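Taking it in order: structure first as structure tokens, then the write-up.
Every chain is numbered from 1 and lettered A, B, ... according to where its sequence line falls, protein lines coming before strand lines. Since the structure is predicted, the reported quantities are computational estimates derived from the model, not experimental observations.
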Amino acid sequence: AQSVTQPDIHITVSEGASLELRCNYSYGATPYLFWYVQSPGQGLQLLLKYFSGDTLVQGIKGFEAEFKRSQSSFNLRKPSVHWSDAAEYFCAVGAPGNNRKLIWGLGTSLAVNP
Amino acid sequence: ETGVTQSPTHLIKTRGQQVTLRCSSQSGHNTVSWYQQALGQGPQFIFQYYREEENGRGNFPPRFSGLQFPNYSSELNVNALELDDSALYLCASSTGLAGGLTDTQYFGPGTRLTVL
């Protein structure tokens, strides 16, 4: 069965510092991989997604993620964090073929210090 | 701008009651998915509707049911509410041939349901 682990429940970084949010998945083949951001009172917004091809994926708001098959990971990165990036970040996994269901991690809460 | 709206924003019910939550998708989005997000958890897939037919379901009992209408609106109905049903309920719409995961889902802000 598919599963997603986000090892860090809460992360605090200083504004301007780099960021890496971790995501590990369990799946027998290459799944579809997603990162979403959720701000208070707002819906989930897709940051980026990976289906196949180039393992380094560029997303919106300056985020990128790298798929590493050998580590079953899809970590999210940003070189310089802005205060507006404070939010909850979710990694999600979907199985190609079972094209209706996403399995979500528990999320990582990001706080940004000025 | 996603254009997905949900109503009401907040709702309080008592155990055993029934509730209907509403979602208005973007025009042209023929697929809607519903998710339950308990406090401190990630969303859990409830079901998906495509062209007014249920198109996939997660591990939720039959007392969770839905409807999708031709005007791109949809409903989530929950009967016999239980305390554990307290959560944020999210709908997400997408366009595409069969609502596959390759289509971007646009989420509404959610309805916060509290069951007392």
Side-chain angles (χ1 to χ4, degrees), chain A residues 1-10 21-27 29-53 57 59-60 74 76 87-109, chain B residues 1-7 9-10 23-26 29-51 53-60 66 87-94 96-112:
Chain A
Q2 301 162 248
S3 66
V4 180
T5 302
Q6 292 181 247
D8 305 304
I9 296 173
H10 185 85
L21 301 182
R22 295 183 290 164
C23 173
N24 294 98
Y25 67 88
S26 174
Y27 183 64
T30 300
Y32 292 159
L33 296 159
F34 305 81
W35 274 100
Y36 281 84
V37 61
Q38 186 175 38
S39 299
Q42 298 187 26
L44 287 152
Q45 183 181 24
L46 179 67
L47 289 174
L48 45 78
K49 57 189 175 183
Y50 174 80
F51 299 145
S52 65
V57 180
I60 63 171
F74 188 57
L76 182 71
E88 190 85 15
Y89 290 80
F90 291 94
C91 180
V93 170
N98 181 3
N99 60 2
R100 300 166 183 84
K101 183 176 178 179
L102 279 177
I103 305 297
W104 297 73
L106 296 181
T108 297
S109 177
Chain B
E1 181 160 349
T2 67
V4 181
T5 59
Q6 292 186 243
S7 63
T9 305
H10 295 87
C23 172
S24 180
S25 303
Q26 282 186 250
H29 282 197
N30 50 27
T31 301
V32 64
S33 300
W34 284 90
Y35 294 85
Q36 180 194 67
Q37 186 178 16
L39 200 61
Q41 304 288 317
Q44 289 195 57
F45 175 73
I46 302 174
F47 46 55
Q48 183 185 86
Y49 277 77
Y50 171 66
R51 293 186 175 179
E53 297 288 331
E54 188 177 295
N55 192 40
R57 191 177 184 92
N59 296 325
F60 281 82
L88 181 69
Y89 288 86
L90 300 164
C91 74
S93 72
S94 59
L97 186 61
L101 294 177
T102 53
D103 302 323
T104 296
Q105 294 190 79
Y106 296 90
F107 283 80
T111 293
R112 175 72 63 186

Rounded to the nearest 0.5 Å, how far does [atom2] of [Y] lie from [atom1] of [X]?
X        : Y        : atom1 : atom2 : value
A/Leu102 : B/Gln105 : CG    : CD    : 5.5 Å
B/Tyr35  : A/Lys101 : OH    : NZ    : 10.5 Å
A/Tyr36  : B/Phe107 : OH    : CZ    : 5.0 Å

Could you tell me if B/Thr104 and A/Lys49 have a donor-acceptor pair between their side chains, going purely by distance under 3.5 Å?
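B/Thr104 and A/Lys49 do have a side-chain donor-acceptor pair below 3.5 Å.
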Portion of A/Leu106 that has a non-hydrogen atom of chain B nearer than 4.5 angstrom:
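Both backbone and side chain.
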Please state whether the side chain, the backbone, both or neither of A/Gln38 comes within less than 4.5 Å of a heavy atom of chain B.
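Just the side chain, heavy atoms under 4.5 Å.
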So, do B/Gln37 and A/Phe90 sit near enough that their side-chain heavy atoms are less than 4.5 Å apart?
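B/Gln37 vs A/Phe90: side chains touch.
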Inspect the surroundings of CD1 in A/Ile9 and state if more than 12 heavy atoms from other residues, nucleotides or ligands are less than 6.0 Å away.
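Not more than 12 within 6.0 Å, no.
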